Each structure stands twice: as C-alpha cells, then as structure tokens.
Amino acid sequence: MFSKFFIDRPVFANVIAVVTILFGVVALWRLPVERYPEITPPTVRVSAFYPGANAKDVANTVAAPLEQEVNGVEGMLYMSSTSSNDGSYQLTVTFEIGTKLDQAQVLLQNRIAQAEPRLPEEVRRQGISVKKQATNIVLVISLSSPDGSFNNLYLSNYGVLFLRDELSRVPGVGDVQVVGGGTYAMRVWLDAEKLKSRSLTTQDVVAALQAQNVQVAAGQIGQPPAPTNQKFQFTVTTRGRLSEPEEFGGIVVKTADDGRVTYLRDVADVELGAQSYDTFSSRTGQEAASLLIFQLPGSNAINVSQGVRAAITKLAQSFPPGLQYDIPFDTSRFVDAAIRDI
C-alpha cells in the first residue's frame with residue numbers, strides 16, 4: 001500500500017530522492033569519522049634504564065620490584081614487560097575499557113614511588129618514565145644522509161635535539177622514540193692493566209668522575225649582610241660540568257703519598273662517542289636514524305599522521321645540507337584507504 005503510493009506518483013518520488021541525495025552530500029562533510037565507543041583497552045607505559053646491566057640483571061633488580069608493586073593496581077587487566085641486554089626496561093600496563101587514563105597514570109606513579117627505594121641508584125638517577133601511550137607505532141620517520149656527510153650518531157643526535165620535542169607537541173602524539181646511533185656521550189675506556197699497576201678499581205674512577213665533574217653553586221662576594229663600606233657585590237662564576245675529552249682526561253684519579261698524581265688519561269682513553277652501541281638503523285643500506293611515533297590512547301591515527309607530516313615538513317626547511325627525511329612506514333594509510341573505499 002505504501003509503495004503503491006510512490007509508484008503512482010513517480011515525479012513526487014523522484015523529488016524526494018533528489019532532496020535526500022542533497023541532504024546526504026551536505027551532511028557528508030560534517031559527519032564524524034567515528035561514532036562507536038572505544039573497543040581497545042587503554043595502556044600506560046613505564047620505562048627505566050640501568051646502564052651497563054644485562055637482561056637478567058634488569059629483570060632481577062628493576063622488573064621484580066616494580067612489578068610487585070604495580071600488580072593489582074586499580075582497573076588493571078594485565079601487564080607485560082621487556083628487559084633488554086642494553087639495560088632498558090619497558091612495562092606496559094593495560095587497563096579496563098572506560099578507565100580514565102589520567103587517574104590510572106596517577107595510581108601507577110604512586111605504586112612506582114613505593115618501589116623506588118628498592119631500585120638501584122643508577123636507575124633512580126636516570127629516572128623512571130610513566131606515559132600514556134598506545135603500544136602500536138603510527139608512523140616512522142627516517143633521517144638519512146645520501147651523500148654520506150653525516151653518520152647515524154649525528155642523525156640520531158639531531159633527531160633528539162631538534163625534532164623529538166617539536167613532534168611530541170603534535171596533538172595526539174603519545175611519545176617519540178629515536179633509535180639508531182644513540183645520543184652523544186663521553187666514553188671512558190678503562191685499561192685494566194694500567195688500573196691494576198696503580199692499585200685502582202673501576203669504582204675509584206667512578207668516584208673521581210662523580211666528585212670532580214659537578215656543577216658548583218659558588219655564591220656571591222659582598223652579599224648582605226656586609227660592612228657599610230662594601231660598595232660592590234659580585235656573583236662568582238665557576239667552571240661547570242666538563243664537556244671536552246681533554247677536560248675529562250685531566251681528572252685526578254689518585255694522588256700517591258710521594259705526590260705523584262694519576263690522571264684519568266693515564267689509565268683510560270676518553271672520547272666523545274655514542275651512549276650505546278647496541279642499536280643501529282639503516283635505510284636502503286645507508287646509515288640512518290628512525291623516529292618512532294606513538295599515539296595517545298583514544299586519539300585519531302589519521303589526524304596524528306597528518307599533524308606529524310605537517311610538522312616534519314616545516315622542520316625540514318631548516319635541515320642542514322646533506323640531510324633528508326622520508327616516511328617509510330605509516331599505518332594510517334590503511335585506515336584512510338578503507339574510509340575512501342567505504
């Protein structure tokens with residue numbers, strides 16, 4: 001009966017169809033991409049670093065205390081961790097769907113604070129990072145030097161100093177990790193035979209480095225209260241932390257009873273190198289550095305990808321000659337293609 005009404009009035013039916021199409025075309029540009037509730041459990045990632053430790057040491061001294069405290073935090077579904085031979089530790093805590101991540105992050109930080117006294121001093125000094133971050137990589141930015149003017153250490157350091165902070169401010173980005181040659185660090189290569197001949201241990205060298213490579217607050221001269229005839233007040237500026245290999249080589253490691261002085265350069269080779277040589281990155285057979293972009297839980301992957309691409313395009317305008325970037329991996333392409341097909 002209802003269909004017969006339109007069959008008998010074809011002009012009226014065509015007018016309604018045209019009006020419906022026009023409404024659909026107008027509404028298409030304002031329709032949200034997603035109307036469904038979250039189906040992926042939110043995650044929070046905990047990161048720590050134990051310099052010089054292997055995977056077993058990290059598992060015993062870092063993973064065990066942290067996971068004992070974190071286990072059973074409110075709203076947690078499960079957790080998974082990775083202890084690596086480069087001393088790094090990653091713990092991913094997955095919470096129930098609908099959990100407020102800000103509250104979950106605070107609860108997790110409180111549990112970690114309870115475990116910190118049981119962690120090694122080196123780990124506490126490096127700091128423990130707690131971030132709201134999805135486990136999947138959205139896209140990867142590769143830095144390379146086609147003419148070979150920059151090595152992977154320079155490329156990684158450039159990504160840390162000039163790119164990571166800018167890309168981290170893109171809306172929806174949870175974390176930016178730079179992998180490749182690592183960041184610059186002062187490498188002290190100890191000679192075991194020279195240490196033994198001078199009755200020194202590695203702890204003696206470490207203690208000398210900690211004691212003499214410090215930032216000193218020297219204060220002021222003539223600061224009140226001062227005599228009435230004091231006319232000037234001077235701020236004392238002292239030499240801060242050492243920055244050159246030659247300066248580190250001049251650190252006094254030991255002074256003998258007869259006055260003989262042993263410097264760091266006498267028992268070790270000091271050079272500016274990579275903080276870690278355990279990882280590397282390459283692009284089509286050339287040295288490279290990779291920036292891994294992770295998104296915040298609940299953010300739109302397409303918007304994150306577009307924002308990162310716009311940011312890196314702007315940053316590339318100030319690249320030094322011989323440095324270029326490309327994006328070899330982007331998971332949002334599949335999502336964009338699926339939306340276009342639909």
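Only heavy atoms go into these numbers, but all of them, side chains included; no hydrogens, no water, no symmetry mates. Note that the structure is predicted; figures quoted are calculated from it, not measured.
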Worksheet item: Yes or no on side-chain contact (heavy atoms from CB on, under 4.5 Å) for Tyr325 and Thr313, after CA distance, side-chain angles and deciding distance?
Response: CA-CA 9 Å; Tyr325 83 94; Thr313 300; 3.3 Å; yes
Item to complete: Apply side-chain contact (heavy atoms from CB on, under 4.5 Å) to the pair Thr331 and Ile137, showing each step before the final yes or no.
Response: CA-CA 8 Å; Thr331 58; Ile137 300 173; 6.0 Å; no
Quick check: closest heavy atoms across [X] and [Y], and the distance to 0.1 Å?
{"X": "Pro120", "Y": "Thr61", "value": "CD-O, 3.6 Å"}
{"X": "Ala208", "Y": "Val252", "value": "CB-O, 3.7 Å"}
{"X": "Val62", "Y": "Tyr50", "value": "CG2-CD1, 4.1 Å"}
{"X": "Ala274", "Y": "Arg187", "value": "O-CD, 3.0 Å"}
{"X": "Val170", "Y": "Val304", "value": "CG1-O, 4.4 Å"}

Do NZ/NE/NH1/NH2 and the carboxylate oxygens of [X] and [Y] come within less than 4.0 Å?
{"X": "Arg309", "Y": "Asp330", "value": "yes"}
{"X": "Lys132", "Y": "Asp102", "value": "yes"}
{"X": "Arg125", "Y": "Glu122", "value": "no"}

According to side chain to side chain contact (heavy atoms under 4.5 Å, CB included), who are the partners of [X], at least two apart in sequence or on a separate chain?
{"X": "Ala288", "answer": "Ser142, Ser144, Ser281, Arg283"}
{"X": "Ser156", "answer": "Val178, Ala289"}
{"X": "Val253", "answer": "Leu200, Val205, Leu264"}
{"X": "Gln215", "answer": "Arg241"}

Can you measure from [atom1] ([X]) to [atom2] ([Y]) and round to the nearest 0.5 angstrom?
{"X": "Asp86", "Y": "Asn54", "atom1": "CG", "atom2": "CG", "answer": "11.0 Å"}
{"X": "Phe329", "Y": "Leu292", "atom1": "CZ", "atom2": "CG", "answer": "9.5 Å"}
{"X": "Asn151", "Y": "Gln286", "atom1": "CG", "atom2": "CD", "answer": "13.0 Å"}
{"X": "Ile221", "Y": "Thr235", "atom1": "CD1", "atom2": "OG1", "answer": "9.5 Å"}
{"X": "Glu74", "Y": "Glu96", "atom1": "CD", "atom2": "CD", "answer": "9.0 Å"}
{"X": "Tyr263", "Y": "Lys254", "atom1": "OH", "atom2": "NZ", "answer": "15.0 Å"}

Backbone N/O of [Y] and side chain of [X]: donor-acceptor pair under 3.5 Å:
{"X": "Glu247", "Y": "Glu244", "answer": "yes"}
{"X": "Glu166", "Y": "Ala311", "answer": "no"}
{"X": "Asp326", "Y": "Pro328", "answer": "no"}
{"X": "Asn60", "Y": "Lys56", "answer": "yes"}
{"X": "Asn14", "Y": "Val11", "answer": "no"}
{"X": "Arg45", "Y": "Val130", "answer": "no"}
{"X": "Lys131", "Y": "Gly174", "answer": "no"}
{"X": "Glu287", "Y": "Asn152", "answer": "yes"}
{"X": "Asn85", "Y": "Ala55", "answer": "yes"}

Is any side-chain heavy atom of [X] less than 4.5 Å from a side-chain heavy atom of [Y]?
{"X": "Met186", "Y": "Val270", "answer": "yes"}
{"X": "Phe294", "Y": "Val138", "answer": "no"}
{"X": "Arg260", "Y": "Asp258", "answer": "yes"}
{"X": "Ser47", "Y": "Phe49", "answer": "no"}
{"X": "Tyr89", "Y": "Ser84", "answer": "no"}
{"X": "Met76", "Y": "Val73", "answer": "yes"}
{"X": "Gln90", "Y": "Ser81", "answer": "no"}
{"X": "Leu101", "Y": "Gln105", "answer": "no"}

If hydrophobic clusters are built from ILVMFWY residues whose side chains come within less than 4.5 Å, do [X] and [Y] share one?
{"X": "Val176", "Y": "Leu296", "answer": "no"}
{"X": "Ile312", "Y": "Val140", "answer": "no"}
{"X": "Ile302", "Y": "Ile327", "answer": "no"}
{"X": "Phe248", "Y": "Leu272", "answer": "yes"}
{"X": "Phe319", "Y": "Leu153", "answer": "yes"}

Item to complete: Give the intermediate values and the outcome of salt bridge (charged side-chain N to carboxylate O under 4.0 Å, His left out) for residues Glu193 and Lys196.
Response: CA-CA 5 Å; Glu193 295 297 330; Lys196 182 179 179 181; 5.5 Å; no
Worksheet entry | With Gln177 via side chain to side chain donor-acceptor pair (under 3.5 Å) - residues at least two apart |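 Scan of Gln177 (side chain to side chain donor-acceptor pair (under 3.5 Å), adjacent residues dropped) gives Asp175.
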Worksheet entry | Results of side chain to side chain donor-acceptor pair (under 3.5 Å) for Glu69 - residues two or more places apart only | Arg118
Assess, by modelled atom type and distance only, whether the side chains of [X] and [Y] contain a donor and an acceptor separated by less than 3.5 Å.
{"X": "Thr201", "Y": "Asp204", "answer": "yes"}
{"X": "Ser145", "Y": "Asp147", "answer": "yes"}
{"X": "Ser305", "Y": "Ser332", "answer": "yes"}

Worksheet entry | Criterion side-chain contact (heavy atoms from CB on, under 4.5 Å) on Leu119 and Leu66, from CA distance to verdict | CA-CA 8 Å; Leu119 298 178; Leu66 285 177; 4.2 Å; yes
Worksheet entry | Asn71/Tyr78 under side-chain contact (heavy atoms from CB on, under 4.5 Å): CA gap, chis, key distance, verdict | CA-CA 8 Å; Asn71 187 32; Tyr78 57 88; over 6 Å; no
Worksheet item: With under 30° as parallel and over 60° as perpendicular, where do the rings of Tyr158 and Phe162 fit, or are they tilted in between?
Response: tilted
